[in-house]
Amino acid sequence: MNHLKDIEKYSKLLSDDFFTKASGCYYTHENVCQNLCLQLKASIDVLSNETLSIIDPFCGDGRLLIKFIQLFQITQKWKVELWDVNLSGLEFASREMERLKSNGYSIDYTVFHGDSFKKSITHDCKFDVVITNPPWENIKPDIREIKNLPEHAKESYKLELKKLDGFMELHFPSSQPLKKFAGWGTNLSRVGMDVCNGLVKLKGLIGIVMPSSIIADSQSVTLRKKILLDFNILNINYYPAEAKLFGKADVTSVTIVYRNIASQKINPSITRYDKNLKVIEKQTVEIDRKFLKENSYIIPISHGIKTIEIFYKLISNSMAWGDYEASIDNQLWAGREVDETRIGNFLSEDSANMSLPFYKGRMIDRYALKEEPNLNYSKVGWVPPSSSKFLRIAWRDISRPSQKRRVMATLIPANSISGNSLGVAYFKNGDEKLLKVLLAIFNSFCFEFQLRNFLSTGHVSLSAIRKIGLPPIDKLLAYSFLSELVDQVIQNDDTQVPVIESYVACKLYNLSRAEYLLIIESFSKVTAEEKVAYIRAFDEINTTQLSLSV
Ligand SMILES: C[S@@+](CC[C@H](N)C(=O)[O-])C[C@H]1O[C@@H](n2cnc3c(N)ncnc32)[C@H](O)[C@@H]1O
């Protein structure tokens with residue numbers, strides 16, 4: 001933590017909470033402590049005469065450990081280690097240990113004041129229980145935070161951070177992100193989790209508080225895979241950002257209880273809490289290993305536990321978008337066309353000279369164009385890409401989690417060009433009917449429901465889209481009449497939207513009514529009226545099929 005020591009003398013030039021943020025001094029909420037400790041205790045198998053060894057390597061004021069010990073009989077013997085870089089927290093924790101001892105608890109404790117990441121790599125003692133909430137910061141200089149420092153202090157701060165990053169990468173490789181951007185990307189919560197993995201005995205237990213990104217983002221794959229395959233996850237608790245558990249920071253968080261032993265079955269008990277910390281759902285979910293392997297080991301909890309199995313069904317009973325692109329028969333192409341950097345230099349009202357009408361993100365709506373292009377794109381020596389010659393699906397790249405629907409896609413005509421605020425897709429054989437059926441799927445609840453689990457930023461990336469399960473091509477062909485309904489919606493007849501949605505769910509993805517309803521309900525901004533319209537359409541399609549088959 002030399003990067004912090006070095007700039008202590010400039011504290012007046014830094015924001016009031018700089019050191020709190022940089023060292024992750026956000027202590028665990030009382031209810032979260034209680035729930036985690038109870039679950040951890042429920043998984044402990046201990047003989048009353050055995051001494052339990054326990055450590056919190058980032059203990060703060062020791063609250064997790066203290067809460068945990070107090071759940072046991074007073075006769076339980078303890079060997080405790082408390083580590084932290086913050087002295088005042090450790091002093092508080094020590095006083096609490098003394099208090100427990102004077103109340104009759106049998107506790108032999110030691111305190112370490114310093115850097116737990118460094119300490120853990122040489123610490124050869126292993127523990128029955130590791131409980132913690134590690135710091136969650138990214139190792140990355142925050143330019144806004146250090147803008148007032150003298151130049152040399154900024155440089156040496158960055159250098160120390162780089163050294164720290166190198167140290168973490170060397171000693172905790174599983175904690176590393178899938179990709180680093182401009183050389184940064186290490187997050188201390190993942191390193192902290194890896195510290196815990198190294199401190200626990202075989203068959204011992206870990207209870208940890210983490211940002212929810214650990215269970216679903218694309219950066220944490222290596223560590224998540226390790227936890228899922230080398231350990232046995234017993235419980236996951238999910239807390240929404242609105243619960244405001246960490247001061248001003250708006251973060252979703254999880255607690256995970258897991259045992260240091262590999263298990264054939266992956267079947268954690270998952271509990272979801274609401275913003276008032278009341279349980280809204282609790283269920284044991286069997287997670288398929290093959291599915292995990294094929295889907296970056298994500299556990300898609302954020303939209304409801306009951307929907308996890310539907311998510312698996314959508315993904316695994318279909319063909320991934322990426323496989324469609326790879327297949328020579330399907331000839332699907334997806335990508336971006338022209339870069340929008342300094343785009344003004346290449347746009348004009350002039351429609352001569354190989355110039356093409358230019359489409360950009362904000363012109364696109366669901367099944368509609370908000371704006372027709374009034375400028376044309378051309379560039380000296382430029383050859384338009386092959387895609388520009390086709391009718392194609394165009395979707396907006398920017399997509400915020402707060403939007404009612406995050407996918408906004410429609411068709412743009414052949415002989416036009418799009419900027420990179422749009423993604424585009426088309427079939428190379430020029431099959432427009434098939435393309436319109438694909439648009440119906442693209443704009444559907446079933447598609448977005450899958451996609452939301454893969455989106456980790458405010459952009460609809462192609463890498464996320466490539467993971468989406470699509471119905472097999474013969475189904476798309478069998479329901480090619482949907483292309484006519486898509487035409488009607490594009491011409492402003494919104495009444496066909498529930499019909500299209502329901503065909504996609506019922507016929508193309510084979511969902512039951514209950515499954516479809518659960519998916520719709522996971523879209524919190526869809527109104528009650530709209531839900532009724534969607535379900536009515538679904539029922540009609542189902543009934544029609546029944547009467548046909550009688
Ligand atoms: C999120 S707080 C959690 C504290 C406590 N475990 C709790 O649950 O409330 C993270 C703790 O990690 C400590 N910390 C941050 N960096 C550290 C480091 N390099 N070595 C040891 N402790 C560190 C902070 O001082 C802080 O107390």
Side-chain angles (χ1 to χ4, degrees), residues 1-8 17-37 39-40 54-70 80-94 96-97 109-123 127 129-140 160-161 163-168 171-172 175 186-196 198-199 206-214 237 239 244-249 251 253-257:
M1 306 293 276
N2 288 344
H3 64 295
L4 295 183
K5 266 201 201 110
D6 284 359
I7 58 168
E8 259 169 16
D17 57 354
F18 176 82
F19 288 100
T20 311
K21 277 200 277 180
S23 61
C25 268
Y26 296 102
Y27 291 170
T28 309
H29 187 283
E30 165 78 25
N31 290 26
V32 178
C33 272
Q34 173 83 2
N35 297 336
L36 174 62
C37 290
Q39 286 174 336
L40 201 52
I54 180 165
I55 182 170
D56 184 339
F58 308 94
C59 71
D61 61 2
R63 60 183 61 197
L64 282 168
L65 222 148
I66 292 159
K67 172 78 73 193
F68 186 67
I69 290 176
Q70 287 177 313
V80 173
E81 291 205 24
L82 294 148
W83 297 358
D84 205 285
V85 75
N86 180 301
L87 191 57
S88 61
L90 279 174
E91 284 168 353
F92 184 92
S94 306
E96 284 297 291
M97 286 290 130
Y109 75 93
T110 50
V111 166
F112 164 74
H113 174 219
D115 186 342
S116 305
F117 297 105
K118 289 211 172 104
K119 167 119 175 135
S120 73
I121 56 173
T122 53
H123 199 71
F127 298 82
V129 181
V130 182
I131 188 166
T132 203
N133 177 356
W136 292 10
E137 294 10 86
N138 285 317
I139 301 183
K140 184 183 175 190
E160 284 301 332
L161 273 182
K163 274 197 221 156
L164 183 64
D165 192 77
F167 173 86
M168 300 305 191
H171 293 284
F172 304 99
S175 73
T186 304
N187 180 279
L188 288 182
S189 69
R190 285 195 300 260
V191 190
M193 191 177 213
D194 218 19
V195 165
C196 296
L199 287 171
I206 295 175
I208 190 164
V209 187
M210 291 287 285
S212 70
S213 49
I214 182 67
N237 291 356
Y239 297 94
K244 297 263 183 232
L245 297 173
F246 305 95
K248 287 185 223 148
V251 272
S253 53
V254 290
T255 62
I256 308 179
V257 172

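On a predicted model such as this, the values are computed, not experimentally measured, just so you know. Numbering of ligands and ligand atoms starts at 1, following listing order. All values below come from the heavy atoms of this structure, side chains included, with hydrogens, waters and symmetry mates left out.
Ion pairing between a basic and an acidic side chain is recognised when a charged N comes within 4.0 Å of a carboxylate O; Glu30 and Lys67 show such pairing.
Residue Leu64 approaches ligand 1 through these ligand atoms, each under 4.0 Å from one of its heavy atoms: 8 (O). Numbered from 1 in the order shown, with element, the atoms of ligand 1 that lie under 4.0 Å from a heavy atom of Pro135 read 10 (C), 12 (O), 15 (C), 16 (N). Listed by number with element, the atoms of ligand 1 under 4.0 Å from a non-hydrogen atom of Asn86 are 25 (O). Within ligand 1, counting atoms from 1 as listed, the ones closer than 4.0 Å to a heavy atom of Gly114 are 20 (N), 21 (C). Atoms of ligand 1 lying under 4.0 Å from any heavy atom of Gly60, numbered from 1 in the order shown and given with element: 4 (C), 5 (C), 27 (O). Residue-ligand proximity, Phe117 to ligand 1, at heavy-atom distances under 4.0 Å covers atoms 18 (C), 19 (N). Residue Arg63 has at least one heavy-atom neighbour below 4.0 Å for each of these atoms of ligand 1: 9 (O). Close approach of ligand 1 to Asp115 (heavy-atom distance below 4.0 Å) involves ligand atoms 18 (C), 19 (N), 20 (N).
Taking the six-membered ring where the residue is Trp, His123 and Phe127 present parallel rings, their angle staying beneath 30° rather than reaching 60°.
Of all the listed residues (Leu87, Asp84, Val85), Asp84 holds the heavy atom that lies closest to atom 11 (C) of ligand 1.
A side-chain donor-acceptor contact under 3.5 Å links Asp84 to the backbone of Cys59. With Arg63 contributing its side chain and Cys33 its backbone, the two residues share no donor-acceptor pair below 3.5 Å. Counting only distance, with no hydrogens or angles, the side chain of Ser116 and the backbone of Pro57 share a donor-acceptor pair below 3.5 Å.
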key: Working for ring pair (Phe, Tyr, Trp, His ring centres under 6.0 Å), residues Trp136 and Tyr26   = CA-CA 9 Å; Trp136 292 10; Tyr26 296 102; 8.6 Å; no
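For Cys33, the closest heavy-atom approach to ligand 1 does not fall below 4.0 Å. Residue Gly89 places every heavy atom at 4.0 Å or more from ligand 1. A heavy-atom separation below 4.0 Å is found between Tyr26 and ligand 1.
For ligand 1, none of its N or O atoms has an N or O atom of Asp61 under 3.5 Å away. Looking at ligand 1, you won't find any N or O of Pro134 less than 3.5 Å from one of its N or O atoms.
Between the side chains of Asn187 and Glu137, not a single donor N or O lies within less than 3.5 Å of an accepting N or O. When only modelled atom types and interatomic distance are considered, Asn31 and Tyr239 share no side-chain donor-acceptor pair under 3.5 Å.
Evaluation of the ring-ring contact (aromatic ring centres under 6.0 Å, His included) rule for Phe172 yields no partner, not counting sequence neighbours.
Contacts between Asn133 and ligand 1, counted as non-hydrogen atom pairs separated by less than 4.0 Å, involve both the backbone and the side chain. Contacts between Asp56 and ligand 1 below 4.0 angstrom, taking non-hydrogen atoms only, involve the side chain exclusively.
For Lys119, the NZ atom is densely surrounded, since the number of other residues' heavy atoms within 6.0 Å is greater than 12.
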